[in-house]
Amino acid sequence: MPVMNPPTTGTPVHNLQRMLRTLTNVHREIPLLSPNGIFGEETLEAVMIFQRLMGLPVNGTVDQRTWDALVDEHHRVSHLLAPPRTAALFPQGTAPIQPGQTTPLLYPIQGMLLALAGVLADLQSVPPSGVLDTGTAANFRRLQRWGSYPETGALDRDTWELLSHLYETFISRNPQNL
């Protein structure tokens, strides 16, 4: 990274401004920049505040030390701001899980059904067992009826899509249900 002093312009400055803008989500002291690729007074102020926050020499120059600190802090903040990783509970290409079948995949799925049973009157509270038992099959049939799917009691892709949508709607996006 070349040393940047005013009046530097171009892509490196635009990248600097984008990273500083991301940092404002955690470091409110840094002014919110509109990345324009021009190292003007606002960018200079943001760099100097960043340097002060990081315990670097406050000179407004983006030298290698400042750049490295900026990249490291941007990485840390981006990780904090990123949504949590999702898990594929019903992986693509999975054959339908049939009534009576046992699989570890059912434990978290049955947990989702149990949570939904607390907010949707037509679902039974069935504890997770890893077995597609009669209560779980009955819950899948209810979901299949709501989705106008064949009522097989099996967990297939359509049933999974409806279950995950209902879970996100009524549980994940509703903090009082967590």
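For the pair Phe50 and Leu53, the minimum side-chain heavy-atom distance is 4.5 Å or more. Looking at Leu143 and Leu113, their side chains come closer than 4.5 Å, going by heavy atoms from C-beta outward. Looking at Ile49 and His27, their side chains never come closer than 4.5 Å, going by heavy atoms from C-beta outward. When side chains are defined from C-beta on, Val71 counts as touching Met19, because their heavy atoms get closer than 4.5 Å. Counting only heavy atoms from C-beta outward, the side chains of Pro31 and Glu42 never approach each other to under 4.5 Å. Residues Asn59 and Gln51 have side chains in contact (heavy-atom distance under 4.5 Å, counting atoms from C-beta outward). Residues Val47 and Leu70 fail the side-chain proximity criterion, which asks for heavy atoms closer than 4.5 Å. No side-chain heavy atom of Asp156 sits less than 4.5 Å from a side-chain heavy atom of Tyr149.
In this structure, Thr43 and Leu16 approach most closely via the heavy-atom pair CG2-CD2, 3.8 Å. Heavy-atom minimum distance, Leu20 versus Ala46: CD1-CB, 4.0 Å. Closest approach of Arg21 and Asn25 over heavy atoms only: O-ND2, 4.0 Å. Taking each heavy atom of Gly153 and Leu132 in turn, the nearest pair found is O-CD2, 3.4 Å. Between Pro128 and Leu114 the shortest heavy-atom distance is CD-CD2, 4.0 Å.
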Can you list, pair by pair, the side-chain donor-acceptor contacts under 3.5 Å of residues 116-125, counting residues two or more places apart and other chains?
none

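Between Arg145 and Glu151 there is a salt bridge, since at least one side-chain N of the basic residue sits less than 4.0 Å from a carboxylate O of the acidic one.
A side-chain N or O of Asp63 and one of Thr66 form a donor-acceptor pair less than 3.5 Å apart.
The salt bridge (Lys or Arg N to Asp or Glu O under 4.0 Å) search around Arg76 returns Glu73, not counting sequence neighbours.
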